Structure formats: C-alpha cells, structure tokens
Number of protein chains: 2
Amino acid sequence: MTARPSGKLKPRKRPVQARSLATIEAIFEATIQVLLHGGARALTTNRIAERAGVSVGTLYQYFPAKEALLYALVSRHLDKAGQAVEQACQAHSGASLSDCADTFVDAYIDAKAGDVAVSRALYHASTELDMQDLGAAMIARLHQAVRGLLEHVQGERFEPLDSIVFSWVAVVTGGTRVLFEEDGTAERLPAFRAQLKLISRAYLDSIRTIETKASSTPTGECQSNV
Amino acid sequence: MTARPSGKLKPRKRPVQARSLATIEAIFEATIQVLLHGGARALTTNRIAERAGVSVGTLYQYFPAKEALLYALVSRHLDKAGQAVEQACQAHSGASLSDCADTFVDAYIDAKAGDVAVSRALYHASTELDMQDLGAAMIARLHQAVRGLLEHVQGERFEPLDSIVFSWVAVVTGGTRVLFEEDGTAERLPAFRAQLKLISRAYLDSIRTIETKASSTPTGECQSNV
DNA sequence: CAAATATATGAGCAAATGCTCAGAATTTTT
DNA sequence: AAAAATTCTGAGCATTTGCTCATATATTTG
C-alpha cells in the first residue's frame with residue numbers, strides 16, 4: 001500500500017551491523033538539523049555528512065542520491081502521521097458524529113504538531129523534489145481512514161461520500177498547513193483546533209441524511225468524482 | 001500596505017523606454033514558462049534569459065538577483081488575487097450570511113483558478129526563497145477583507161472574530177491549495193467548490209449570535225489571540 | 001589468527017549556477 | 001548629426017554542488 005521508490009530514490013544498501021544503523025540515524029537527524037538551521041538552500045550532502053559526523057562517502061553508501069535521502073526521510077515522517085490518524089479513526093469507529101469530527105481533527109493536528117518545525121522544514125524540502133507520490137499516498141490513506149469513520153456513524157449516511165471525504169480532508173489538512181506556516185503557530189493552535197472542530201461538526205451535521213430514508217442529494221452541482 | 005522588498009530583493013533599474021518594459025514582461029513570462037516546463041530545479045537565470053530571447057546581462061540589469069525576479073513575480077501574482085478578493089468582499093458588504101460565505105469562496109477560488117498551473121508553479125518556486133513576508137501580507141489582506149464582510153452581516157455578530165476569521169481563511173485557502181496540488185484539479189473543482197460553500201455556510205451559521213443580545217462564547221477553549 | 005565481509009574516509013572531479021563587465025547597439029536629446 | 005542616455009550582449013569567472021573511488025578501518029566468520 002505504501003509508495004515504493006523506484007530508480008534513484010531506492011536506498012542503496014541495507015545496514016546489517018549495528019553501527020551502520022546508528023550512522024543512518026545520525027544522517028537522518030543531521031538532515032533535519034541542517035534543514036532547520038539553514039533552510040532548503042543550505043541542504044547539501046557535504047553539510048549533512050559533516051553535521052552527522054561522517055564522511056560524504058558514507059552517506060552515498062546508503063543513499064544513491066540526495067533525493068533518495070530526502071525521500072526516505074519524508075516517507076518516514078508521513079508514515080508515522082498516517083499511522084497515527086488511521087489508528088485513531090479505527091479506535092473511534094462507530095462513535096457519534098461530533099466525536100468523529102473531533103477524532104479526525106485531533107488526530108491529524110496531534111500527528112503534525114508533535115514537531116512543528118520539523119514538519120515545516122520537511123514540507124519545504126519536499127516541494128523541491130518530485131515526491132508527489134508520497135503526498136498522494138498520504139492523502140489516499142487519510143481518505144480511506146476518514147471514509148471508514150463516516151461509514152460507521154450509526155444511522156447516518158453521507159452523500160456523495162467521495163466528495164465529502166475529499167473536501168473535509170482537504171480543509172483540515174490544508175487549514176492546518178496554513179496555520180503551521182504562520183508565525184506564532186503555537187499560540188494560535190488551541191483556538192484553531194477548537195474552530196476546526198466547530199467547522200467539521202457543523203459541516204458534517206448539515207449534510208447528514210438519516211439512513212434507510214430516500215436520500216436526496218444535498219447539492220445539485222456535485223454528483224461524483226473519479 | 002504592500003510589503004516592500006529590501007536589499008537584494010529590490011528591483012535594480014526602472015524602465016523608461018518602451019522596449020525595456022517589453023523586455024521585463026518577456027522575462028516574467030519566460031520565468032513562468034520555464035517554471036511550468038521544468039520545475040523549480042530548472043529555473044536558472046540563463047535559461048530564463050534564453051527563453052525570453054534576451055541575454056543574462058539584460059536580466060541582471062533589472063533584477064539584482066534571481067530572488068528579486070521571483071519576488072517581483074510572486075508579488076504581482078498575489079496582488080492580483082488579493083485585489084480580486086477585496087473587491088468581491090466590498091461589493092457584497094451587507095449581504096446575507098450564506099451570500100457572504102459564497103462570496104469569499106467564489107472570489108478566492110476564481111482568483112486562483114484562473115491559471116492553476118501558474119499558481120502551482122509560483123507557489124513551489126516561492127517556498128525555496130524567503131518570502132514569508134509576501135505570504136503574510138496576502139493573508140493579512142484576506143483577513144481584513146473577510147473581517148469587513150462578517151462585520152457587516154445584518155443583525156449577526158461573530159465572536160471571537162479574530163479566531164473565526166483566521167480559521168475560515170485558513171480552511172478556504174489551505175483546502176484550495178490541497179485541491180490544486182492534487183492531480184485532476186479541474187475535474188474536482190466544481191464539487192469541491194460546492195462543498196466548500198456548504199462548509200462555510202454551516203460553520204458561520206453554527207457560530208453566529210444575534211446582535212444586542214448577551215453573547216455567550218461558543219467555545220470554552222478559545223478566547224482571543226494576539 | 002586470517003580471510004571475508006561490512007563500513008568509513010575525504011580529496012577531488014565534472015557539471016552547473018549566479019552573476020559581472022567591457023563594450024556594442026539602439027533610442028532620445030541637443 | 002553629434003552627443004548623451006538607455007538598453008542589450010555573452011563569454012567567462014568564481015563558486016558551489018552532487019557524487020566517485022581508491023584506500024583504510026572495523027567487525028564478523030571460519
């Protein structure tokens with residue numbers, strides 16, 4: 001289900017001894033540090049290696065290209081967040097509508113808020129490269145989790161489900177990103193989280209239709225999407 | 001009110017003859033073309049000049065650095081969008097709540113949807129540089145326009161206004177950006193627009209309080225923000 | 001211990017990039 | 001038409017970047 005890197009993005013060598021694992025970890029950590037300290041422009045393989053306390057050659061023994069390193073790092077980060085959201089959604093399956101709304105909002109924000117600076121840095125770094133597949137995989141994952149959440153709300157039905165899921169996820173993830181790019185993220189976060197829950201609850205509440213009744217499409221404009 | 005570039009971001013020379021103005025326009029256009037064709041990685045000053053049909057020297061006569069060129073281009077683009085939204089908001093001042101919701105959603109999406117590819121390209125290019133001031137100025141502009149819109153809804157009051165404005169703007173702009181990064185933006189756009197209106201209407205409707213009555217804060221968590 | 005395997009080193013190459021500058025070409029002014 | 005002002009040219013410099021490879025060190029295996 002996870003996007004598998006191809007060509008130059010695939011890791012070069014798998015570590016077998018303990019020290020090499022530690023080296024890779026150091027490289028990952030150094031990458032984040034360089035990114036945080038100097039931004040995407042300062043992110044050179046030589047600098048990363050220096051900061052990690054290894055030589056460039058070592059870096060290139062595990063990653064065939066700078067892109068591959070970033071790819072692995074972003075992949076890792078997204079995977080953690082995706083897993084957290086999936087878990088939360090499954091744990092709250094069958095909950096009430098407003099609980100569902102809160103569940104997704106909290107899960108997503110918490111997953112990203114763990115380290116705002118890292119999230120921001122990795123995002124900026126990722127836009128340079130062509131890793132749309134990673135972003136797409138993440139979104140697909142969120143879609144599936146949220147879809148499951150909405151499908152199991154007792155006695156309610158949402159149509160058109162695809163469109164609703166897409167829009168809700170877009171609004172929550174996109175809105176959070178805007179917050180994270182802003183200065184003063186931390187201070188704004190609590191209020192934003194509360195408002196995002198209000199938004200989600202109000203939205204889902206306004207478009208829900210009671211089950212087993214004839215469902216009249218709430219909007220005339222949209223029907224379905226591929 | 002507009003952010004003024006300082007240091008290396010300030011244009012170098014002002015055009016006085018007609019041909020130089022055309023040259024600058026060609027450089028702008030070429031920048032967009034190169035960006036669209038090869039992405040941020042391929043955006044070099046030599047390539048831009050070549051595509052524009054001028055020499056690099058000419059480019060550097062008007063822009064002291066590559067950054068300055070991009071800064072001017074993004075500034076221009078954001079300004080156009082900001083102006084469009086401001087105008088729409090002012091034109092619909094005093095409208096009903098759901099009209100207000102639709103107004104902002106339509107104005108913002110239309111401003112960005114004019115040329116999806118350009119929006120996307122410029123956004124990606126801008127993340128590399130440090131032009132947070134431009135983004136901040138744009139957001140501040142949107143905030144003010146939306147605040148004016150909500151303040152003039154007859155007989156309704158929104159509190160805490162700052163928090164509501166921030167969240168609504170974040171959700172609309174962020175959600176739209178997610179859509180624009182996705183594949184198949186065009187096909188998804190109509191459905192998303194409709195859902196975004198539903199989201200906005202449901203949200204604003206759920207938090208409105210009748211004027212001249214004692215306003216009870218709808219959420220306990222959030223009060224105000226600096 | 002020795003052979004085999006795994007890991008680490010870092011000087012330096014090839015390519016690319018941002019940008020300059022001395023002067024040519026064009027337009028405007030006198 | 002000459003002088004002045006403006007605009008344009010593009011070869012090439014200084015620097016940076018991603019990355020390699022011959023060699024050295026460390027760890028495991030037989």
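Since we're looking at a predicted model, the values are computed, not measured. Letters A, B, ... are given to chains in the order of the sequence lines, protein chains preceding strands, and every chain is numbered from 1. Values reported hereafter were calculated over all heavy atoms of this structure, with side chains retained and with hydrogens, waters and symmetry mates removed.
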Pairs satisfying ring-ring contact (aromatic ring centres under 6.0 Å, His included), at least one member in residues 109-144 of chain B, at least two apart
B:H143-B:F166
May I ask you to say what [X] touches in the nucleic acid, namely base, sugar-phosphate or nothing, with a heavy-atom cut-off under 4.0 Å?
X     : value
A:T58 : base
A:F63 : nothing
B:A65 : sugar-phosphate

Salt bridge (charged side-chain N to carboxylate O under 4.0 Å, His left out) partners for B:D110, two or more places apart
B:R193
Go through the structure and list residues passing salt bridge (charged side-chain N to carboxylate O under 4.0 Å, His left out) with A:E86, not counting sequence neighbours.
A:R141
Considering residues at least two apart in sequence or located in another chain, which fulfil the side chain to side chain contact (heavy atoms under 4.5 Å, CB included) criterion with B:A26?
B:A52
List the residues meeting side chain to side chain contact (heavy atoms under 4.5 Å, CB included) with B:L122, not counting sequence neighbours, and say none if there are none.
B:L35, B:L73, B:V74, B:H77, B:V118
Going by side-chain hydrogen bond (donor to acceptor under 3.5 Å, both in side chains), name the residues that satisfy it together with B:D102, two or more places apart in sequence or in a different chain.
B:R201
Residues that B:Y60 engages under side-chain hydrogen bond (donor to acceptor under 3.5 Å, both in side chains), provided they are two or more places apart:
B:T45
Can you list, in residue-number order, the parts of residues 18-43 of chain B that come under 4.0 Å of DNA chain C, counting heavy atoms only?
B:R19, B:L43
Go nucleotide by nucleotide along DNA chain C from the 5' end; which of A:Q17 and B:R47 gets its closest nucleotide reached first?
A:Q17
Mark yes or no for whether A:S93, through its side chain, and A:Q90, through its backbone, hold a donor-acceptor pair below 3.5 Å.
no
Can you list every pair that meets salt bridge (charged side-chain N to carboxylate O under 4.0 Å, His left out) and has a residue in residues 34-50 of chain A, with sequence neighbours left out?
none
Does anything in residues 23-40 of chain A pair up under salt bridge (charged side-chain N to carboxylate O under 4.0 Å, His left out), and if so which pairs, sequence neighbours excluded?
A:E25-A:R76
Give me the first and last nucleotide of DNA chain C, going 5' to 3', that has any atom under 4.0 Å from a heavy atom of chain B.
C:dT17 to C:dT27
For a 4.0 angstrom threshold against heavy atoms of chain A, report the outermost contacting nucleotides of DNA chain D in 5' to 3' order.
D:dT17 to D:dT27
